[in-house]
Amino acid sequence: QVQLVESGGGLVQPGGSLRLSCAASGSTFSSSLMAWYRQAPGKQRALVALITSGGRTNYADSVKGRSTISRDNAKNTVYLQIDSLKPEDTAVYYCNAVSSGVASWGQGTQVSVSS
């Protein structure tokens, strides 16, 4: 089981930007599929973005064009940059890793978008 710790959440103005970080423990990070999910109260946890070990990325339609997922294998860290934040982006954001058949989740970081 890989330990994942998210950070970077907080209160942000609509139209603003933020970068979330997810620090991973373990030796399999470079070969892991990494992803960000989010969940608001009363809503399903949904995929926001993912990045493969080879750097291929995919994004949910809700954030397409204003988000960037990236990874730094030397630091065992994955990032999620979100620009043009909207109130509907408000949610707890979770980091997810899948490696060798094992799925790991972080505890989440709260993102609140309001004026």
Side-chain angles (χ1 to χ4, degrees):
Q1 188 76 12
V2 177
Q3 183 180 23
L4 303 173
V5 181
E6 301 96 334
S7 62
L11 178 62
V12 188
Q13 300 276 359
S17 301
L18 86 173
R19 187 178 72 162
L20 307 181
S21 298
C22 173
S25 64
S27 60
T28 61
F29 179 83
S30 62
S31 61
S32 299
L33 175 70
M34 303 296 300
W36 285 95
Y37 288 74
R38 68 185 182 186
Q39 185 172 27
K43 298 182 180 179
Q44 293 272 4
R45 184 175 297 191
L47 177 69
V48 178
L50 64 82
I51 183 167
T52 69
S53 60
R56 186 169 184 156
T57 61
N58 197 16
Y59 300 91
D61 289 341
S62 58
V63 300
K64 186 178 179 180
R66 58 190 183 94
S67 295
T68 302
I69 186 171
S70 60
R71 64 194 298 161
D72 186 339
N73 289 343
K75 297 181 178 180
N76 275 17
T77 302
V78 63
Y79 306 95
L80 179 67
Q81 174 79 28
I82 309 178
D83 302 314
S84 301
L85 283 160
K86 308 172 181 179
E88 49 263 48
D89 292 321
T90 296
V92 177
Y93 285 69
Y94 297 92
C95 184
N96 170 258
V98 180
S99 180
S100 300
V102 178
S104 301
W105 292 91
Q107 291 298 113
T109 184
Q110 175 71 234
V111 173
S112 298
V113 183
S114 65
S115 58

**Study point:** Of K86, E88, R38, the residue whose pairing with S62 passes side chain to side chain donor-acceptor pair (under 3.5 Å)
**Key:**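 The single option meeting the side chain to side chain donor-acceptor pair (under 3.5 Å) with S62 is R38.
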
Is [Y] reachable from [X] through a run of hydrophobic residues whose side-chain heavy atoms are each under 4.5 Å from the next?
X	Y	value
I51	I82	yes
I69	V12	yes
V111	Y94	no

**Study point:** Residue list, ring-ring contact (aromatic ring centres under 6.0 Å, His included) with Y37, at least two apart or on another chain
**Key:**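 For Y37 the ring-ring contact (aromatic ring centres under 6.0 Å, His included) partners, ignoring immediate neighbours, are W105.
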
Look only at the side chain of [X] and the backbone of [Y], and say whether a donor-acceptor pair between them is shorter than 3.5 Å.
X	Y	answer
T68	Q81	no
T90	V113	yes
E6	C22	no
R66	S84	yes
N96	S104	yes

Exercise: identify the closest heavy-atom pair between [X] and [Y]:
X	Y	value
V78	S70	CG2-O, 3.1 Å
L20	G9	CD2-N, 3.7 Å
T77	A23	OG1-CA, 4.2 Å
W36	S21	CH2-O, 3.6 Å

Check your understanding: Under the side-chain contact (heavy atoms from CB on, under 4.5 Å) test, which residues partner T28, sequence neighbours left out?
Key ->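 In terms of side-chain contact (heavy atoms from CB on, under 4.5 Å), with neighbours along the sequence ignored, T28 is linked to V2, S31, S32, S99.
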
Practice item. Verify the neighbour count for atom CD of Q110: are there more than 12 heavy atoms of other residues, nucleotides or ligands below 6.0 Å? Key: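 Enclosed.
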
To the closest 0.5 Å, what do you measure between [atom1] ([X]) and [atom2] ([Y])?
X	Y	atom1	atom2	value
C95	Q107	SG	CD	12.0 Å
S67	L80	OG	CG	5.5 Å
Y59	L50	OH	CG	9.0 Å

Review point. Is there a side-chain contact between L11 and S114, using heavy atoms and a 4.5 Å cut-off?
Key: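 Touching, per the 4.5 Å side-chain cut-off.
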
Check your understanding: Just checking, is any N or O donor in the side chain of N73 or R71 under 3.5 Å from an acceptor N or O on the other one?
Key ->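 Yes, because at least one side-chain N or O of N73 sits under 3.5 Å from a partner of the opposite role on R71.
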
